[in-house]
Amino acid sequence: MMSSINWYKYSSPATFYGLAGKMIPWFYGVAALLCVAGLYIGLFLAPTDFQQSDAYRIIFIHVPASWMSMFIYVVMAFWAALGLAFNTRLSFMMASALAPTGAMLTFVALWTGALWGKPTWGAWWVWDARLTSELILFFLYLGFMALQAAIDDPRRADRAGALIALVGVVNIPIIYFSVRWWNTLHQGASVSMTKAPSMAAIMLVGMLVMALAAWMYAIAAALSRARSIILEREKNSQWVAQMLEAEA
């Protein structure tokens, strides 16, 4: 089944542009439904925590945003590596399309973390290992986008950005394992593959639903941005001219 799919066909910006246009509304729709369901579970069905009271409910935004900030960076680095290895235009475009969403979710993770830290730690910010490495991730996203914007030649900008993406991916395991490697103020992982969750099942369900919502949104936003990048870079191609003529 997998071998019957012509992947080379979908690596063409012209083909991908049309396919992405059909998928975007579905991903946005599913993201909206999951977000409503996740917030309902988190705000109305999940019980009040006996230690943190209702302040803990920010995990339904903070934790999914933190997960996605790391996951998107890994995917961005994957597309960048693919572009460097095979010189595929669409790979570089996907890496560029993912960066703003990753930066936004990293900012959300840092911001909600500060909101959570004030009532529980008594401080908006501490130079904790987890917080500091997450802040570095935010700067990596900004550096990736700033470098690409500073270089006029798109191909050179793609390759320069790819190097930042690949070097910066080293920071991801540091973020993830920081709570194990160092004596840190930040609590341990909310969900672990090696032990049972330490929270009520309904809390975990709400958090996972919100994580899925963030995932669907990230895909839709990246596809939408990739279409804009394709149009910008392919504006002088025949297929774009024909498409614009047909839409006129």
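In this text the structure is predicted, and so the values were computed from the model without any measurement.
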Discussion item. Under the criterion side chain to side chain contact (heavy atoms under 4.5 Å, CB included), I'd like the reasoning laid out for L82 against F78: C-alpha separation, chi angles, the key distance, then a yes or no.
Written reply: CA-CA 6 Å; L82 212 59; F78 167 77; 4.1 Å; yes
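- Around the CG atom of D153, the shell of radius 6.0 Å holds more than 12 heavy atoms that belong to other residues, nucleotides or ligands.
- M104 and V74 fall within a single hydrophobic cluster, where Ile, Leu, Val, Met, Phe, Trp and Tyr side chains are chained together by heavy-atom contacts under 4.5 Å.
- Using bins of under 30°, 30° to 60° and over 60° for the plane-to-plane angle, the ring pair F138/F107 lands in the tilted bin.
- In this structure, the separation between CD on E234 and CZ on R227 is 13.5 Å, given to the nearest 0.5 Å.
- Linking ILVMFWY residues whenever their side-chain heavy atoms come closer than 4.5 Å, directly or via other members, leaves V36 and L212 in distinct clusters.
- The aromatic rings of Y217 and Y28 sit tilted, their planes meeting at an angle between 30° and 60°.
- Counting only distance, with no hydrogens or angles, the side chain of R57 and the backbone of G42 share a donor-acceptor pair below 3.5 Å.
- Considering every non-hydrogen atom in both F144 and A99, the closest pair reads CD2-CB, 3.5 Å.
- Atoms CG and CZ, on L147 and R159 in that order, are 12.5 Å from each other to the nearest 0.5 Å.
- No more than 12 heavy atoms of other residues, nucleotides or ligands lie within 6.0 Å of CH2 in W26, so this atom counts as exposed by the packing criterion.
- A donor-acceptor pair under 3.5 Å is formed between the side chain of T120 and the backbone N or O of W116.
- Using a 4.5 Å cut-off between side-chain heavy atoms of Ile, Leu, Val, Met, Phe, Trp and Tyr, with links allowed through other members, Y56 and Y40 fall into the same hydrophobic cluster.
- Side-chain contact between M94 and F16: present, with at least one pair of heavy atoms (C-beta onward) separated by less than 4.5 Å.
- Taken together through direct or relayed side-chain contacts under 4.5 Å among Ile, Leu, Val, Met, Phe, Trp and Tyr, F92 and V167 form parts of separate hydrophobic clusters.
- Looking only at distances, no side-chain donor or acceptor of T132 sits under 3.5 Å from a matching main-chain atom of A129.
- Closest approach of P173 to V169, counting heavy atoms only: CD-O, 3.3 Å.
- Contact record, C35 with M210: O-SD, 3.7 Å, taken as the closest heavy-atom pair.
- Summarising the geometry, atom CE belonging to M93 is positioned 12.0 Å from atom CH2 belonging to W79; distances are rounded to the nearest 0.5 Å.
- For S69 (side chain) and S66 (main-chain N/O), a donor-acceptor pair under 3.5 Å exists by modelled atom type.
- When all heavy atoms are compared, the tightest approach of A97 to A222 is CB-O, 3.4 Å.
- Hydrophobic clustering keeps L163 apart from L140 (ILVMFWY residues linked when any side-chain heavy atoms are closer than 4.5 Å, directly or through intermediates).
- A donor-acceptor pair is defined here as one N or O able to donate and one able to accept, closer than 3.5 Å; such a pair exists between the side chain of R130 and the backbone of I175.
- Within the 3.5 Å criterion, the main-chain N or O of Y73 finds a donor-acceptor partner in the side chain of Y141.
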Practice prompt. Evaluate side chain to side chain contact (heavy atoms under 4.5 Å, CB included) for L208 paired with L204, printing each intermediate quantity in order.
Written response: CA-CA 6 Å; L208 293 178; L204 180 61; 4.0 Å; yes
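- Nearest heavy atom pair, residue H62 against residue G113, reads ND1-N, 3.3 Å.
- With salt bridges taken as basic N to acidic carboxylate O contacts below 4.0 Å, one links R233 and D158.
- A distance of 11.0 Å separates CG of L39 from CG of L34, quoted to the nearest 0.5 Å.
- How far CD1 of I174 is from CD1 of I136: 7.5 Å, rounded to the nearest 0.5 Å.
- Under a 3.5 Å cut-off, the side chain of N171 and the backbone N or O of S133 do form a donor-acceptor pair.
- Taking the six-membered ring for Trp and the full ring otherwise, the centers of W215 and F71 sit less than 6.0 Å from each other.
- Atom CH2 of W111 sits about 8.0 Å away from atom CD1 of I61, to the nearest 0.5 Å.
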Worksheet entry | Pair M76-I164, side chain to side chain contact (heavy atoms under 4.5 Å, CB included): steps then yes or no | CA-CA 11 Å; M76 186 179 80; I164 285 188; over 6 Å; no
Practice prompt. Could you give me the CA-CA distance, side-chain angles and deciding distance for L135 and W127, then say whether side chain to side chain contact (heavy atoms under 4.5 Å, CB included) is met?
Written response: CA-CA 10 Å; L135 181 62; W127 291 103; 3.9 Å; yes
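- Listed here is the closest heavy atom pair of I41 and G206: CG2-CA, 3.6 Å.
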